[in-house]
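Per chain, numbering begins at 1; letters A, B, ... match sequence-line order.
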Protein chains: 2
Amino acid sequence: MARSVPTTPRKSASQKRSQATVEALLDATARVLTREGYDRASTNRIAATAGVSVGSLYQYFPNKEALVAALVSRHNREMLELLRNALKEVASLDLATAIRELVRAAVDAHLVDSALHRIFAEQVPRMGQLAKIEALQGETFLLVRAYLEQRRHEISVRDLDSATSICVTIVEALTHDFVINKPVTLKGDRDRFVDEVTRLIVGYLRPSRAAKPLT
Amino acid sequence: MARSVPTTPRKSASQKRSQATVEALLDATARVLTREGYDRASTNRIAATAGVSVGSLYQYFPNKEALVAALVSRHNREMLELLRNALKEVASLDLATAIRELVRAAVDAHLVDSALHRIFAEQVPRMGQLAKIEALQGETFLLVRAYLEQRRHEISVRDLDSATSICVTIVEALTHDFVINKPVTLKGDRDRFVDEVTRLIVGYLRPSRAAKPLT
DNA sequence: TAAATTTGCGAGCTATGACTCGCATTGTCT
DNA sequence: AGACAATGCGAGTCATAGCTCGCAAATTTA
């Protein structure tokens with residue numbers, strides 16, 4: 001299977017045509033992954049699906065892992081973008097309202113391409129390049145942490161780092177489970193889910209008996 | 001690679017000698033998985049490590065997937081056992097105290113063989129037989145659900161099913177993250193972690209302002 | 001002890017997939 | 001137009017991994 005351990009990014013597409021090829025390859029990778037699963041997703045099949053030759057594939061990606069990693073990266077960027085936007089629109093709201101919107105955004109993010117997201121979670125081995133998938137979740141940590149810092153006065157938890165980590169882990173896990181494993185995603189279900197998670201998080205961050213007055 | 005799709009369990013070991021062989025194979029699988037990772041864990045290598053021939057391996061396991069599935073199953077049983085015991089010892093305690101013990105048990109369960117557990121989570125593809133891994137987590141759901149039912153009077157959440165699901169998912173995710181990703185597992189860290197998660201869960205299940213008196 | 005059965009062995013077959021390489025096509029620059 | 005570079009092609013190489021099969025050794029049964 002793997003002959004050696006190539007590692008360099010090889011060529012970076014410079015002209016329009018080649019950029020289109022790269023796009024086509026990433027799209028095809030996504031399609032083949034969701035339709036066939038990870039180990040049926042051979043580089044040959046991906047190239048064929050993209051309407052491109054294997055040779056071209058290896059002109060832009062040094063190996064299969066790099067190809068998948070690029071796709072994961074693109075997908076993560078898309079999800080992060082939603083979070084970033086949500087954080088902007090929420091910056092001035094009180095904690096409870098803000099958290100509700102952020103949880104909503106988390107659900108949206110997981111709905112971007114849930115089938116693909118499922119494959120990443122269930123079948124793509126997290127190693128080598130792919131180990132950095134989680135590292136990109138570190139970006140999420142920083143964003144959320146910055147927001148919580150700004151809302152420090154509404155939060156009674158001592159250690160903001162671990163609180164952030166806990167919130168991010170919780171929302172990720174619950175949202176993932178909700179989107180992936182709950183068969184029907186009726187709007188009602190969804191709203192109840194968001195409410196429940198919001199209550200959970202807010203109750204954790206602001207455990208005092210009465211809600212403090214808001215600005 | 002896979003020639004056809006064998007599926008039957010083949011032979012079940014009946015004599016002592018063969019049972020020892022099966023044990024050796026499972027142990028070897030665990031060792032090779034943790035030492036080499038999933039895709040370096042070929043059946044040949046596993047058999048060699050077990051001091052057994054490949055042929056013998058295929059006498060008891062129809063394919064590689066079944067072998068790994070058996071190991072996962074064994075590992076899950078061990079973890080579940082800890083949970084079951086904890087639930088017994090905790091049945092009569094008040095919610096907060098009980099939850100603390102249960103979280104502790106969750107950490108213990110993840111420490112049974114954390115390296116192996118990590119491989120399962122990060123590298124073993126969840127498909128086919130292995131998809132049932134999660135199904136076995138359904139056992140956890142039932143156990144916890146039964147406990148919460150019994151403590152219903154201390155819980156103010158309406159829907160016990162979704163509450164159980166949320167608690168199980170949360171504790172699993174947080175514990176996993178704690179055991180796998182936190183470099184130092186000092187006792188102090190651990191106790192703080194348990195306290196924090198306990199507060200989170202209890203606050204969620206019993207969100208009223210003051211704690212109710214205990215029996 | 002002889003026959004029958006269970007268990008163990010491991011060289012080798014076969015399939016398949018990652019990746020290469022020499023050549024063809026398309027595009028760019030002067 | 002001619003030359004040089006960038007991009008694309010895909011049959012074929014190589015390595016490896018899953019799995020089989022005929023035979024040997026050990027146990028059990030008669």
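- Considering only residues two or more places apart in sequence or on other chains, B/Ala50 meets the side chain to side chain contact (heavy atoms under 4.5 Å, CB included) condition with B/Ala24, B/Leu25, B/Ala28, B/Val52.
- Between B/Gln19 atom CD and D/dT27 atom C1' there is a gap of 15 Å when expressed in whole angstrom units.
- You'll find the side chain of B/Asn63 stays beyond 4.5 Å of the side chain of B/Thr43, heavy atoms only.
- Between D/dG8, C/dC19, C/dG8, one nucleotide has an atom nearer to the side chain of A/Tyr58 than all others, and that is C/dC19.
- For the pair B/Phe61 CZ and D/dA17 P, the computed distance is 20 Å after rounding to whole Å.
- Near DNA chain D, defined here as any heavy-atom distance below 4.0 Å, the residues from residues 41-55 of chain B are B/Ser42, B/Thr43, B/Asn44, B/Val54, listed numerically.
- Remark on DNA chain D: of its neighbouring residues B/Asp39 and B/Arg17, the 5'-side contact belongs to B/Asp39, judged by nearest-heavy-atom nucleotide.
- For residues 120-129 of chain B, the salt bridge (charged side-chain N to carboxylate O under 4.0 Å, His left out) pairs, not counting sequence neighbours, are B/Arg118-B/Glu122, B/Arg126-B/Glu134.
- Among residues two or more places apart in sequence or in another chain, the ring pair (Phe, Tyr, Trp, His ring centres under 6.0 Å) test is passed with A/Tyr204 by none.
- For C/dT7, the OP1/OP2 oxygens have no side-chain nitrogen or oxygen of B/Ser56 closer than 4.0 Å.
- Partners of A/Glu65 by salt bridge (charged side-chain N to carboxylate O under 4.0 Å, His left out), not counting sequence neighbours: none found.
- A/Lys16 places its NZ atom 14 Å from the P atom of D/dG8, with the value rounded to the nearest Å.
- In this structure, CG of B/Asn63 is placed 10 Å from C1' of D/dC19, rounded to the nearest angstrom.
- Taking side-chain N and O atoms only, A/Thr21 has a distance below 4.0 Å to OP1 or OP2 of D/dG8.
- Residue pairs meeting the side-chain hydrogen bond (donor to acceptor under 3.5 Å, both in side chains) criterion with at least one partner in residues 70-79 of chain B, sequence neighbours excluded, are B/Asp27-B/Arg74, B/Ser73-B/Arg77.
- Between the P atom of C/dT7 and the CD atom of B/Glu23 lies a distance of 15 Å, rounded to the nearest Å.
- Atom pair B/Tyr60:OH and C/dT7:C1' shows a separation of 5 Å (rounding to whole Å applied).
- At whole-Å resolution of the value, CG in B/Leu67 and P in D/dA17 are 15 Å apart.
- In this structure, CG of B/Leu57 is placed 14 Å from P of D/dA17, rounded to the nearest angstrom.
- Here the nucleotide nearest the side chain of B/Gln59, chosen from C/dC19, C/dG8, D/dG18, is C/dG8.
- The residues B/Asp191 and B/Arg100 are annotated as not salt-bridged, no charged nitrogen and carboxylate oxygen being separated by less than 4.0 angstrom.
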